[in-house]
Amino acid sequence: MTTILSIKDLRKSYEGGFEALKGLTLDIEQGEILALLGPNGAGKTTLISTICGITSATSGNVTVGGHDIQQDFRAARRMIGLVPQEIALEPFETVANTVRFSRGLFGKPKDDARIEEILRKLSLWDKRKNAVKELSGGMKRRVLIAKALAHEPRVLFLDEPTAGVDVELRKDMWEIVAELKQQGVTIILTTHYIEEAEAIADRIGVINNGELLLVEQKATLMAQMGKKQIEVQLA
Ligand code: ATP
């Protein structure tokens, strides 16, 4: 097993002194899917933002593929794809150009074959000439993922990818995650739903009040605790 992401004693205090992350330590193996379960305000988005270097850590460190996110931001960031909670896409841009532009932002060479590959991976090839605003909500989420994968990152973060989406779209998202895993992408996703973690993760972590309360292989966790006890941790 190869560790692709290493988080050591990560702390984040916001202005005013509120401690949103209270010393998280965690290693992620290449190719695994980790689901981080946590209620509102647990610190999930803060954790992702700090790992990705969008927010600076108060202390501790994060390395991605051996690159420290604070010391060597550009190299570390190139290894990360981020799908934020909010759908933030340029509505009048075509699907293909959205992905192409994102690839360019990371200094990747223009490579139409690669863009085709990414669009096909997300079943967006037929929509490549459509403006983003013409797409359904589900398709827009696919574009967000394609955009995040445009520069061929090693690790993909999905921040509550199914928050506020209907059951059908949720299942669709689970399928996409399973497909990406088959293609060797390492995935860390946050969620409020135990069912979601159970459906797609290899490992499940529970985060609350800025602390990682537990992290276990899914089968072990379900055998040891079961859903009811996990729910207690999420309360
Ligand atoms: P949700 O599931 O609601 O998205 P979350 O688990 O992602 O929640 P965060 O958004 O990381 O939680 O927030 C963790 C805590 O940090 C919350 O108490 C929140 O109010 C606080 N917080 C987040 N951003 C800031 C900020 N910029 N300044 C001060 N406090 C913040």
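Scope of the values below: all heavy atoms of this structure, side chains included, with no hydrogens, waters or symmetry mates. These figures come from a predicted structure and were not determined experimentally. Just follow the structure's listing: the first ligand is 1, and inside any ligand the first atom is 1.
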task = Indicate whether any N or O donor in one side chain lies under 3.5 Å from an N or O acceptor in the other, for Thr25 and Asp9.
result =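 Note: Thr25 and Asp9 side chains miss the donor-acceptor criterion.
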query = How about Thr162 and Glu196: does a side-chain donor come under 3.5 Å of a side-chain acceptor?
reply =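 Yes, because at least one side-chain N or O of Thr162 sits under 3.5 Å from a partner of the opposite role on Glu196.
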inquiry  = Test: salt bridge (Lys or Arg N to Asp or Glu O under 4.0 Å). Region: residues 44-59. Which pairs qualify, not counting sequence neighbours?
reply    = Lys44-Glu160
message = For Arg114, is there an ion pair with Glu117 - N to carboxylate O distance below 4.0 angstrom?
response = yes
message = If the criterion is any heavy atom closer than 4.0 Å to an atom of ligand 1, which residues make the list?
response =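 Near ligand 1, by chain and number: Tyr14, Phe18, Ala20, Pro39, Asn40, Gly41, Ala42, Gly43, Lys44, Thr45, Thr46, Gln85, Glu160, His192.
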ask   = Shortest non-hydrogen contact from Arg203 to Asp27?
value =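 Smallest interatomic distance, heavy atoms only, reads NH2-O, 2.6 Å.
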inquiry  = Would Arg170 and Glu195 count as a salt bridge (charged side-chain N to carboxylate O under 4.0 Å, His left out) here? Give the steps.
reply    = CA-CA 11 Å; Arg170 187 167 296 163; Glu195 294 70 25; over 6 Å; no
